[in-house]
Amino acid sequence: MERDEKPNDEAVLARQFQSGLDGNQNDYRQFLETVSKIIRGIVNARAGGLSLEDREDIVQDVIFSIHSKRHTWRRDHPVKPWLNAIARYKIIDRLRQLGRGSFVDVDDYRENLPAEEADTTVHLDVETLVGMLSGKAQQVVQLIGLEGLTIAETAARLDMKENAVRVNFHRGLERLRLLSNQAPEEGER
Amino acid sequence: MKAGHYIDFLAKDLAPQPKPPLALYFLAALVLLFIESLIVIGLGLGMRPDYFAAITSFPTMMKQITTLGLGVGVLTLIPLYFYPETGRTGVLWRIGLIAAAMAGMWLSAFAKVEPGNLGSAIMGETYLRCMSVVVLMSLPVLIVLLLGLRQGAVTRPSKTGFLTGLGVGGLAAFGYAFSCAEDNPLFYATWYSIAMLLPAVIGALIAPRILRY
């Protein structure tokens, strides 16, 4: 890999994000993985006193916000300031909820490099979590997330409109994230 | 859930997103404000009968210019706050310019007023009506704009709410001024300022709830 092609480079991130927004799932996955490493590094540095679960929960919350607000990135603008702004907003928000607002030094973010991948704890396996969803959202997440169907195939299978599938999938993911954070810590270690 | 798994799921949620119609919310807000002005002036308070004669005097003209200037000056910058990374927008300069004009009008009237009349000149007769009409006109418009901004990723919700309320207050005061016959800057620079600040404060208070994500 070239010296100027580190995964957290502005150009690399922007390219992957752009291509992801155009529908390339692989690029988008890589983009989110790099971003989550950066975010994890920030959260570990700023809130090291929190439990691993809490920290990972914050990371996923930031990733979800980045995903659900992706339409607010303007392609002719740099992606890093955009990421920084959302990450800072969400991390401060979450730490404030936890009563740790004073631990955040907002000016430090830019300097952070990707941290080593944290050991991400599994509360429950994904199948169990998906089973805890209900209704259409569960069916949609099951088919797309676990069985790998496309949106169109899922729509045909469930006799739904594609847009409704998208809405339910998005909703299911949000619910899944909440569930995974609330779930009792059985199956851990 | 493992972060890797989670990201896999999100990557499958990659539907193309239409750009949220912030412009439509702005359009709706302006139409709403216009209708409110028509109701207030057409059905309620009426336009002041001497409007076109009065507007030629400098203090009266400034009443319209400062309110419109504040509304347009601030609201044209609000769409920037839709984007999370928006930093400085220069909005303080615009507000400062209007505030300076208001203060200048107030002081020049203060220099001319007879000491015994100062109190009654400031209080005027319609300050309660002025404030309540401006605030009531502002609130629905403010909410429409905040709902539009909610589609974005506002990272300074209190500030954004304050500025949106201030801008809307400015336009509402501009509308109200067509019916308001109090032309002494001691009155309007005082009460219009307060009337425009109230929606701003309300905006700062409610925006963090509406804009949260």
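The chains referred to below are lettered A, B, ... by the order of the sequence lines, with proteins before strands, and numbering in each begins at 1.
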Is it the backbone or the side chain of [X] that comes under 4.5 Å from a heavy atom of chain B, or both, or neither?
X	value
A:Phe64	both
A:Ile151	side chain
A:Thr150	neither
A:Asp93	side chain

Query raised in the report: Restricting to pairs with a member in residues 68-92 of chain B, which pass salt bridge (charged side-chain N to carboxylate O under 4.0 Å, His left out), not counting sequence neighbours?
Result: A:Arg74-B:Glu85

Drop me the distance from [X]'s [atom1] to [Y]'s [atom2], to the nearest 0.5 angstrom.
X	Y	atom1	atom2	result
B:Asp8	A:Leu146	CG	CG	10.5 Å
B:Phe9	A:His170	CZ	NE2	14.5 Å
A:Leu32	B:Tyr6	CG	OH	9.5 Å
B:Leu10	A:Gln60	CG	CD	8.5 Å
A:Lys69	B:Phe82	NZ	CZ	7.5 Å

What are the two closest heavy atoms between [X] and [Y], and how far apart are they?
X	Y	value
A:Tyr28	B:Ala11	CD2-CA, 3.7 Å
B:Pro84	A:Ala85	O-CB, 3.3 Å
B:Tyr83	A:Thr72	CD2-O, 3.1 Å

Report task. Using the test side chain to side chain donor-acceptor pair (under 3.5 Å), find all partners of A:Gln139 that sit at least two apart in sequence or belong to another chain. Result -> none

Query raised in the report: Has B:Lys12 got its NZ or CZ under 6.0 Å from the middle of the six-membered ring of A:Phe169, at an angle within 45 degrees of the ring axis?
Result: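 Pair B:Lys12/A:Phe169 does not count as cation-pi.
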
Requested in this report: Could you list which of residues 138-159 of chain B have a heavy atom closer than 4.5 Å to any heavy atom of chain A, in residue-number order?
Outcome: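 Expected list: B:Arg150, B:Gln151, B:Gly152, B:Ala153, B:Val154, B:Thr155, B:Pro157.
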
Query raised in the report: Is there any side-chain hydrogen bond (donor to acceptor under 3.5 Å, both in side chains) pair reaching into residues 156-169 of chain A, and which pairs are they, with sequence neighbours excluded?
Result: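 Sorted pair list comes back empty.
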
Query raised in the report: Between A:Gly145, A:Gly23, A:Gly172, which shows the greatest number of heavy-atom pairs under 4.5 Å with chain B?
Result: A:Gly145

